[in-house]
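Notes follow the structure.
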Number of protein chains: 2
Amino acid sequence: MAAAAGVSRSAVSFAFNSPHRISTATRDRILAAAHEIGYVPNTLARMLQAGQTQSLGVLLPQSLAKIMENPYYARFLMGAGQVCDQEGFTLLLTPPLRESMLKAIPYAAVDGFIVCGLEIDQGEVSELERRRVPFVLVDSDPQENVPSIGVDDRGGAREVVRHLLELGHRRLAVLSIDPGPEKAVRGYRGPLGRRLAGIVDALAQAGMTMADVALAEVPATRTDGYRATRALLADTALTAIVALSDILAFGAMDALHELGVDVPGQVSVTGFDDLTESAWLRPRLTTVRQAIATKGRTAADFLISAIRGEDQHPHQLLSTSLIVRDSSGPAPGH
Amino acid sequence: MAAAAGVSRSAVSFAFNSPHRISTATRDRILAAAHEIGYVPNTLARMLQAGQTQSLGVLLPQSLAKIMENPYYARFLMGAGQVCDQEGFTLLLTPPLRESMLKAIPYAAVDGFIVCGLEIDQGEVSELERRRVPFVLVDSDPQENVPSIGVDDRGGAREVVRHLLELGHRRLAVLSIDPGPEKAVRGYRGPLGRRLAGIVDALAQAGMTMADVALAEVPATRTDGYRATRALLADTALTAIVALSDILAFGAMDALHELGVDVPGQVSVTGFDDLTESAWLRPRLTTVRQAIATKGRTAADFLISAIRGEDQHPHQLLSTSLIVRDSSGPAPGH
DNA sequence: CTGAAAGCGCTTACAG
DNA sequence: CTGAAAGCGCTTACAG
């Protein structure tokens, strides 16, 4: 390129980056020549030289296909995206490579990582530390000296179960997410573990234990919620379903609707998350609100500050709150 | 690093990339030293050297926040993501930079671009060509010699309106998407233009024109669909609402439900897209299905083939089909 | 199996 | 205002 315009490489660079350090005439000549031969500065080379990419990585615990199917992530990415929009960052979605989040890290050219849903640390944290790239864990079990953002899952679950107990429900079913094979080895972890702990808390106050409630563990899709609910109703005379995510609650409502069971007259249903759709559902869903978009925003904010070298509070716990709508009511005969 | 291990730079590189070209002992020594001093090969430098990033860019027409709020894009990205998962690519979401898709291009270090919803080409195409980076336009008005993927919007719109006309509906309202200020200058373009053209086709066959139907143009959110429908019902005695997107149809149903209007007894409602949620809605939504995920998959497939230098068919038009469900029925008294 | 050298393309002090 | 040089970190023929 420099040759084509008959100038030095620096002149070319100045033409593109520092117009003031070069005469207008030369600049025009260079730009014209560039246009002529179709020259354009290489993005990667610029990034390498600048030592920054203007891009935030989102390290995801599942395949892109699964993530994009999940309204929870849509909302989380909306929040993170808001900050990126503002600050001129792009967002690199990085799913596991050959089942491993760790293996995906070296292929992401980004200025920082938002690490989503890391339940068992297989070295991801130390790999990130080794790279000296800023990062923040979202919804993981907090670790000493590792920046993280989470929500009060336990408190939320406690509150919603208490709400049902106060309404007189005693025959409860918990529609839970299948923790996968790891559970056997390590027990419940992450948000699921905390939510279950919250349920146990609430039950204890009523002199109950998990043995007193029905438990179904299924993958986290609407159809799974639907199927599990049908199975549950066939087995048990229950008066309330505590779904550990709104999506599962949607599926439960589908099943109840189809079977002609009145909600909340015969059976109450509660969710967890408060997705946008939950308020559109009929009956409108009683659920635990977590500020998903805020979580995304907070994560991106933290990261961008860290990238700029500003110090930030390393741990954040966002609150949850019970949103009582129309899908929960007094237990029949209460 | 090389110094720390007491070997040459190449030895280090071999240790990481070509284990077989180096003795196991040396390799172990190097890896140990690397671990010791926390060395890890720089991602950008590797990419620059390799001339590839293993990443696909998605050039988006709106802010990340708006994109992630839109179930249409969630589904599209799911499809594209599926292919990326399979091929080990990451996905870089690239929203406009300072309102411009063109300006965003130089900051995306990717092997190829999926260009979404480019309605008026402001030089994006020639910039992409200049960079000699593979790309494919999605849902744009097709251009000569530019790879593109689209769906038969016109045919779909024609079919759904014909469906309503056959059911005896004559008092129609079209719930359309606001084309923004560009419309005045250039007329309707892209998917919206094609859908409107399809409506005109169908009306013509019944001896009608756009002047015979009510038209509301609103932003593409559920709430906008809701509000517009309330306004429409206040003004007009209509028997059918043709929404140009499912999301708008959802909003219309919300309004109808709230006003106690029976669907489809008093008013029929149709959508466009066939989002997953449309089949869950009550009454289930009659709509035009476009294979959104397939579109995403096709785009990513095309791109990855192009990156690998395989030739591909440069234009693809996916079909649409009318899905008749429960939200459309005979016009009252027909 | 190893090391010196060139090169992936760029940017930015530095001296003229 | 311009040009030769060093450097951002890596990888890969090539000769030993």
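Below, read A as the first sequence line, B as the second, and so on, with proteins coming before strands; counting in each chain starts at 1.
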Can you tell me the distance, in whole Å, between the [atom1] atom of [X] and the [atom2] atom of [N]?
{"X": "B:Phe14", "N": "C:dT2", "atom1": "CZ", "atom2": "C1'", "value": "8 Å"}
{"X": "A:Asn17", "N": "D:dT2", "atom1": "CG", "atom2": "C1'", "value": "16 Å"}
{"X": "B:Arg9", "N": "D:dG7", "atom1": "CZ", "atom2": "P", "value": "12 Å"}
{"X": "B:Met47", "N": "D:dC8", "atom1": "CE", "atom2": "C1'", "value": "16 Å"}
{"X": "B:Arg131", "N": "C:dG9", "atom1": "CZ", "atom2": "P", "value": "14 Å"}
{"X": "A:Arg29", "N": "D:dT2", "atom1": "CZ", "atom2": "C1'", "value": "11 Å"}
{"X": "A:Ile22", "N": "D:dT2", "atom1": "CD1", "atom2": "P", "value": "5 Å"}
{"X": "B:Leu48", "N": "C:dG7", "atom1": "CG", "atom2": "P", "value": "14 Å"}

Task: Heavy-atom side-chain contact between A:Leu64 and B:Leu77 under 4.5 Å - done: no
Open item on the list: A side-chain contact here means heavy atoms from C-beta on lying under 4.5 Å apart; do B:Glu124 and B:Val115 qualify?
Closed with: no
Selection from [options] that lies nearest to any side-chain heavy atom of [X]:
{"X": "B:Ser10", "options": "C:dT11, D:dT12, C:dC14", "answer": "D:dT12"}
{"X": "B:Tyr39", "options": "D:dG3, D:dC10, D:dT11", "answer": "D:dC10"}
{"X": "A:Arg21", "options": "C:dT2, D:dG9, C:dA13", "answer": "C:dA13"}
{"X": "A:Ser23", "options": "D:dG9, D:dT2, D:dG7", "answer": "D:dT2"}
{"X": "A:Arg46", "options": "C:dC10, D:dT2, D:dA13", "answer": "C:dC10"}
{"X": "B:Ala45", "options": "C:dC10, D:dC10, C:dG9", "answer": "D:dC10"}
{"X": "A:Gln49", "options": "D:dT11, D:dT2, D:dC8", "answer": "D:dC8"}
{"X": "B:Pro41", "options": "D:dC10, C:dC10, D:dG3", "answer": "D:dC10"}

Task: Residue mapping more 5' on DNA chain D - nearest nucleotide basis, B:Leu44 or B:Ala11 - done: B:Leu44
Open item on the list: Under a 3.5 Å cut-off for both contacts, is D:dT2 paired Watson-Crick or G-U wobble with anything, and if yes, with which nucleotide?
Closed with: C:dA15
Task: Interatomic spacing from CG in A:Asn42 to CE in A:Met47 - rounded to 0.5 Å - done: 9.5 Å
TODO: Please state whether the phosphate of D:dT2, meaning OP1 or OP2, lies under 4.0 angstrom from any side-chain nitrogen or oxygen of A:Thr26.
DONE: yes
- [ ] Please determine if a side-chain N or O atom of A:Asn42 lies less than 4.0 Å away from the OP1 or OP2 oxygen of C:dC10.
- [x] no
- [ ] Determine, for A:Glu127 against A:Arg130, whether the closest basic-nitrogen to carboxylate-oxygen distance falls under 4.0 angstrom.
- [x] yes
TODO: Name the orientation class of the two ring planes belonging to B:Tyr72 and B:Phe76 (parallel below 30°, tilted from 30 to 60°, perpendicular beyond 60°).
DONE: parallel
